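As structure tokens, the structure follows; a few thoughts come after it.
As the structure lists them, so they are numbered: ligands from 1, and atoms in each ligand from 1. Because only heavy atoms are used, hydrogens play no part in the values below, and waters and symmetry mates are left out as well, while side chains stay in. What you are looking at is a predicted structure, and each value in this text was computed from that prediction instead of being measured.
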Amino acid sequence: MTVAVKPDRAALEHAFAFAQRQVRALIAEHPNLYPMYTQGGKWRHDGELWTNWCEGFLPGMMWIFHRRTGDPWWREQAERYTRPLEERQHDRNVHDLNFVLGSSFGRWYELTGEEHLRQVLINGGRTMALRFREPGRYLRSFVADESCFIDIMMNVGILYFAARESGDAELRRKVDAHCVTTRRYLVRGDGSTAHEGVFDLDTGEFVRQSTHQGYRGDSCWVRGLAWSLYGFGTAYSYTGDERFLHTAECNARCLLERLPEDGVTPYDFDAPDGQRPPDTSGSAIAVGGLQQLADLTPSPERAAEYRAAAYHLLNALCRPPYLASETPGWEGILREQVYHLRLGLGVGESCMFGDHFFVEALAKALDALDASPEPSSGASG
Ligand code: GLY
């Protein structure tokens, strides 16, 4: 696949400014609301949530806005929306504590290095480790003891952080084991991923691949693939374990081989025509994974290829119909995301996770342009 390589700086800046306007409006119109997905483009509704995993993404965007603009108002808002999440360090109901705490407290800690914030993150990692099942050697998902989700890979960062900061070798053993189990049973030989692995509760024997949010157990739900790509890159950045880098590169290869021409990912690569809506959240998360991988891979050729692909995906998201900038009354940032197709939740809507990773990717791309106004170009895959 040949990919466009030039970042469109004006489009990135336009999208970043638009994102700030949308979040400002959300704060003004629905103060203290932590929405997950829109209905008809509106954040406030009483639709089902399925699980509580998105609360860190709104303050996460505020921390990013503050870091890039230096505007103290954004910091004030970011603190205001981060503080109420502190109790989540003890939340045993979700497998998403890096999403909740890493996006919010993690960015606050990066800015200030305050001890109290570090402790919240360490406690969050310890709470996550309570999900570890020795038979099977994985962190269980929120749905059942026998279930391991690919999404959990995007949450291993908080366990690695906690293990490193506390020097807890047992914590490190558990998170390493989870990554090894996931790459063995949820990542396939072609780099695609299953959403869920099901294990025998007594013996820990792997039983089958399954899905909740994808098309089928043997299909490739694209947001899951993006979580894996980004998550295994993160695992490598903490450990230097070449197996994790290899897995992230296999995920990237699968993504780039199957990416449609327009650079917008479908919700599942294997869903049949007519049942395969676009899911821009998958694209946005994949951009973050590719940006990270470009910095991690030892191969300059592959780094150029990943960067070029990241710009290709990002440029596509920066324009209507995906950017909501020309949809009057739409309250989200990125349209055409899919949260849970089977349950009919957030389909063709904006979702906090896609908006958050889109904003993160925009900020990283703009940072890179500031550092090197003429980025290298010229990769094809
Ligand atoms: N359950 C996490 C996701 O929707 O990606």
Side-chain angles (χ1 to χ4, degrees), residues 34-39 47-58 60 88 91 93-104 128 131 138-144 147-158 178 182 186-187 192-198 209-217 219-234 251 255 265-269 271 276-289 332 334 336-361:
Y34 293 79
M36 183 186 285
Y37 61 91
T38 61
Q39 271 185 10
E48 193 196 320
L49 297 180
W50 191 47
T51 173
N52 291 305
W53 63 290
C54 288
E55 294 78 3
F57 295 140
L58 180 57
R88 299 293 295 275
D91 183 350
N93 294 319
V94 299
H95 56 245
D96 303 297
L97 293 185
N98 194 56
F99 288 138
V100 176
L101 300 172
S103 308
S104 55
M128 277 285 290
R131 314 190 76 76
Y138 60 89
L139 298 159
R140 68 179 289 271
S141 83
F142 84 97
V143 300
S147 160
C148 173
F149 277 13
I150 196 69
D151 324 20
I152 298 172
M153 276 311 301
M154 197 62 191
N155 287 281
V156 297
I158 195 165
H178 173 82
T182 302
L186 278 76
V187 182
S192 71
T193 49
H195 181 198
E196 183 184 40
V198 178
Q209 296 185 343
S210 178
T211 194
H212 294 260
Q213 287 166 278
Y215 173 62
R216 296 198 321 202
S219 73
C220 184
W221 172 54
V222 179
R223 191 163 64 251
L225 177 67
W227 292 142
S228 182
L229 158 58
Y230 206 159
F232 275 103
T234 300
N251 294 149
L255 179 90
T265 52
Y267 107 95
D268 190 310
F269 279 134
R276 203 174 59 239
D279 178 7
T280 55
S281 77
S283 303
I285 295 153
V287 174
L334 209 49
E336 301 298 341
Q337 301 183 46
V338 175
Y339 173 34
H340 201 313
L341 192 73
R342 289 157 180 246
L343 296 180
L345 308 178
V347 179
E349 295 288 343
S350 290
C351 302
M352 265 300 150
F353 43 90
D355 282 7
H356 166 272
F357 284 99
F358 177 54
V359 164
E360 183 194 70

> Does an N or O anywhere in Y339 fall below 3.5 Å from an N or O of ligand 1?
Replying inline: no
> Shortest non-hydrogen contact from W227 to I150?
Replying inline: CB-O, 4.3 Å
>> Are F269 and Y215, when compared by the centres of their aromatic rings, separated by less than 6.0 Å?
In response: no
> CG/L139 to CE/M153 distance, rounded to the nearest 0.5 angstrom?
Replying inline: 9.5 Å
> Please state which protein non-hydrogen atom is closest to atom 2 (C) of ligand 1 and give its distance, to 0.1 Å?
Replying inline: D151 OD2, 2.9 Å
> Considering only heavy atoms, which of Q337, R223, H212, H195 lies nearest to atom 4 (O) of ligand 1?
Replying inline: R223
> Short N/O distance, under 3.5 Å, between W227 and ligand 1?
Replying inline: yes
> Which value, rounded to the nearest 0.5 Å, describes the distance between S219 atom OG and L225 atom CG?
Replying inline: 11.0 Å
> Heavy atom under 4.0 Å from ligand 1: found in F353's side chain, backbone, both, or neither?
Replying inline: neither
> How long is the span from the CE atom in M36 to the CG atom in L49, to the nearest 0.5 Å?
Replying inline: 4.5 Å
> Which part of H340 is near ligand 1, with near meaning a heavy atom under 4.0 Å away: side chain, backbone, both or neither?
Replying inline: neither
> Does W53 come within less than 4.0 angstrom of ligand 1, counting non-hydrogen atoms of the residue?
Replying inline: yes
> What do you reckon, is CZ of R216 surrounded by more than 12 foreign heavy atoms closer than 6.0 Å?
Replying inline: no
>> Within the 4.0 Å heavy-atom shell around W221, which atoms of ligand 1 are there?
In response: 3 (C), 5 (O)
